[in-house]
Amino acid sequence: MTIQRLLDELNPEQYQAATTTAQNTLVLAGAGCGKTKTIVARAAYLISQGVPPEQIQIMTFTRRAASEIVTRVEQYLGIQAQGLHASTFHTFCLSILRRYAKAFDLGQFNVIDRDDQVLMFRLLRGKDKQHELPKAAQLLDLYSYTRNTQTKFSEALAKHLPDMVELKEPIIAVMKAYESQKRERAYLDYDDILEYVAKYLNQSEALVDQVLYRCRYLLVDEMQDTNPLQWSLLKPFIGKAHLFCVGDDAQSIYGFRGADFQNIHAFQQRVPDAQILTLARNYRSTQEILDISNWLLKISPLDYQKELQAYRGKGLAPQLHTLANEFEEANWIAQDLKKRHKKGSAWQDHMILVRSGFAGRQIESALVAADIPYQFIGGVKLLESAHVKDVLSMLRIVANHKDELAWMRFLTLWNGVGDVGASRLASEFLQFDTLEDCLTRLKKFSKVPAIAIAAFQQLLQIQHLVSKSLEVALTALQEQLEHNYRNQDWSRRQRDFELVKQLAERHMNVAAFIEEYVLEPISHSEVEREKDKDVVTLITIHSAKGTERQVCYVANASVGQFPHARSQGDFDEVEEERRVLYVALTRAQNELIITRQNLFTWVKDQLDPLGRVVTGYFLSDLPSGLCHETLHRRGDQRQKVWSFEREDGIEKPKIGIDWD
DNA sequence: ATGTCCGATACGGTA
DNA sequence: TATCGGACAT
Ligand SMILES: Nc1ncnc2c1ncn2[C@@H]1O[C@H](COP(=O)(O)OP(=O)(O)OP(=O)(O)O)[C@@H](O)[C@H]1O
């Protein structure tokens, strides 16, 4: 395929965006209007105009989105596209930190993930026995939110944990302890990676000029989900690089991570001479699907100014199925999928959207039971699962024997070792200069078996062989892990180790291997899947941004889920929930099937402190004309139909007695 | 008294 | 699947 072919596929507005000569552009467009397509076209166009691919940097939200865009550009340009970079903000920043390590003066450092952070907070929180502090995870969320939004701590505290305001001082103490511990141990958390780079870029024009060679053209996807910290990364490039951002404020669903659609709304004020373009026609869905999506935004007290029009015209009406409980809901979906597959549809044309990773697991078991091939995206990732981390902890220790958190994980595996004992030992190890010294000390500590200690020595010899190292670590831990996870799907967990080994084979050393997947975690299915295998996609809505399928099931559309019970009564959070549902609905191309449970509960609308009405359940006033509604009784395969229009060819039935 | 184990329980989404 | 709180062991 050629570039001309790609440009020919665009409509005039998309064409204008893709080929613009403006320095800075913001493309605003509703769901399915071709934002991603425009980014792909923009990158391809620039390259075809002679821009070296390595000067183009595309910012995406996930590794999947990144590789999809690159693949699509390559489809059109082939080898010519080589060197084009698409990555997440975090990966981009990390590579800058590595590239200019000297300038940042960070020396050796390790990137820690959320679990490590929570563990640190848990230990530090435990030291304060006087106060009833928030949970470790809450402390971390608050800490991270404050940094990502670049707000004052007291404001973030009042918003996040309003009833803990009087604990401000002890909370700050824990956070400061966390920060100094990070510094001592040379850990960088997710936010550090962004903030170091952002701060430095804003201070040093020389660094900006240095970095510029690889991002003379900055293309930002999903702009509505960037936060103020990320904006401060883009800001220094204004006037130097070409900014090309695309987004849709009605799809902003990462508020919990500090996403701020001011990054869209205030674009024009912040960026001199910014060109704002809009795309209006939706190419993805049929009109009936857009009607119900439009309706959802229209009943909002906010004015989203969105009314999607289908380029494709009319199609099938959405369906709404109400089932007795979560099992029947999951089974119904599985059965419906089977029916469609029998009729000749491919599995891969179907996607099931769920609210939470937890809800996804219920559906997963129904799919397994029905023998339907699937991939699950979202929720706990492969390298995040507990048993994998247990094994990796040994490799982490070998790579850096001062990795206290890895020691914690490793030590607490053994019987008779808990948080306190492990923590004492681990901080002792920080004083030692070599792993050998730690091991000598460890031998005096009777609770770790000699075989595990011996394994460390073996690992030291083969550090560069990642896959082999995994094998050694696994052998050493096998027995203990089997004991620890005896009632928890041990056989399934064992299979995961094979996947990890597969993944590891592609990497040169342990540190690089772990680091890559900390920043862009990869799910079981993504490792497992052979390319182009025909499977149903089961996915959390948050991971589903930018994807589409012919047939979409939106599961768990029950009371208490949309909006989620936790956000009830909070105006802004409920609006974000609305957008989550909106994103889900607008993934469907041809058919939209919404399922929910009949919970026999009702959630009342509330008034917030400003006197605004806050909806309790989005689908309570769904006009019957917008979809076919079906109520399934418990264990009932037949259906009671509420709203149903007469099918073609069926005449009004004759009634009465047969007098014959 | 302190640390560990174990079972009950509840579960929002992300890099 | 991670966390919490109480039972149990040291
Ligand atoms: N000009 C066009 N002609 C035909 N099809 C198009 C055109 N533009 C986009 N499409 C198709 O519409 C669908 C949606 O496009 P795309 O994913 O780029 O939209 P999007 O704006 O990124 O959506 P979302 O915001 O929901 O992620 C894709 O299947 C794409 O191929």
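Protein chains get the first letters and strands the later ones, always in sequence-line order, with residue 1 at the start of each.
A straight line from CG of A:D116 to P of B:dA15 spans 16 Å, rounded to a whole angstrom. Nucleotide B:dG13 holds its C1' atom 12 Å from the NE2 atom of A:H160, rounded to whole Å. One atom, CD of A:Q230, and another, P of B:dA15, lie 12 Å apart when rounded to the nearest Å. With rounding to whole Å, A:L382 atom CG is found 15 Å from C:dT1 atom C1'. The distance from atom NZ of A:K135 to atom P of C:dT3 is 11 Å, rounded to the nearest whole Å. Rounded to whole angstrom, the span from the CZ atom of A:R361 across to the P atom of B:dC11 amounts to 14 Å. What separates CG of A:D115 from C1' of C:dA2 is a distance of 9 Å, to the nearest Å. The interatomic distance linking A:I253 (CD1) with B:dA15 (P) rounds to 11 Å, in whole Å.
Listed by residue number, the members of residues 89-100 of chain A with any heavy atom below 4.0 angstrom from DNA chain B are A:H90.
With DNA chain B read from its 5' end, the first of the two nearest nucleotides for A:G421 and A:T88 is the one closest to A:G421. Map A:V420 and A:D191 each onto its nearest nucleotide of DNA chain B; the residue landing nearer the 5' end is A:V420.
Backbone-only contact: A:N415 has heavy atoms under 4.0 Å from sugar-phosphate atoms and none from a base. Residue A:D113 is out of contact with every strand shown, counting any heavy-atom pair closer than 4.0 Å. A:V417 comes within 4.0 angstrom of sugar-phosphate atoms only, judged by non-hydrogen atoms across all strands, and of no base. Residue contacts shown for A:Y254 are limited to sugar-phosphate atoms, with no base heavy atom under 4.0 Å away. No contact: A:A565 has no heavy atom under 4.0 Å from any strand. In this structure, A:G255 reaches neither bases nor backbone, as no heavy-atom distance under 4.0 Å exists between it and the strands shown. Residue-level contact check: A:R114 touches the bases, meaning some heavy atom is under 4.0 Å from a base atom.
Under the 3.5 Å distance criterion, with hydrogens and angles disregarded, no donor-acceptor pair is assigned to the side chains of A:N110 and A:D403. Side chain to side chain, A:N227 and A:D260 fail the donor-acceptor criterion of an N or O pair below 3.5 Å.
When distances are taken from the side chain of A:R424 to each of B:dG13, B:dC11, B:dG3, the shortest belongs to B:dG3. The side chain of A:V118 has C:dT3 as its nearest neighbour among B:dG12, B:dC5, C:dT3. Nearest to the side chain of A:E576, among B:dG13, B:dC11, B:dT14, sits B:dG13. Side-chain proximity of A:R493 to B:dT14, C:dT1, C:dT3: nearest is C:dT1.
Note on A:R396 versus A:D116: salt bridge recorded, some NZ/NE/NH1/NH2 to OD/OE distance being below 4.0 Å.
Close to B:dT14, at under 4.0 Å from its OP1 or OP2, lies a side-chain N or O of A:T540. Contact between the side-chain N/O atoms of A:K381 and the OP1/OP2 oxygens of B:dA15 is found at a separation under 4.0 Å. For B:dG12, the OP1/OP2 oxygens have a side-chain nitrogen or oxygen of A:R566 closer than 4.0 Å. A close approach under 4.0 Å does not occur between any side-chain nitrogen or oxygen of A:S567 and OP1 or OP2 of B:dG12. Contact check, A:R122 against C:dT3: a side-chain N or O comes under 4.0 Å of OP1 or OP2.
With values rounded to the nearest 0.5 angstrom, A:K545 atom NZ is found 11.5 Å from A:T586 atom OG1. Atom CZ of residue A:R114 and atom OG of residue A:S144 lie 8.0 Å apart, to the nearest 0.5 angstrom. Here the straight-line distance linking atom CG of A:D249 with atom CZ of A:R579 works out to 8.0 Å at 0.5 Å rounding. Interatomic distance, A:Q375 CD to A:L538 CG, rounded to the nearest 0.5 Å: 9.0 Å.
Considering A:V518, A:L383, A:L395 in turn, A:L383 is the only one that fulfils the side-chain contact (heavy atoms from CB on, under 4.5 Å) rule with A:F513.
The aromatic rings of A:H265 and A:F261 are tilted relative to each other, their planes meeting at an angle between 30° and 60°.
By the stacking rule of 5.5 Å between ring centres and under 30° between planes, A:H542 does not stack on the base of B:dG12.
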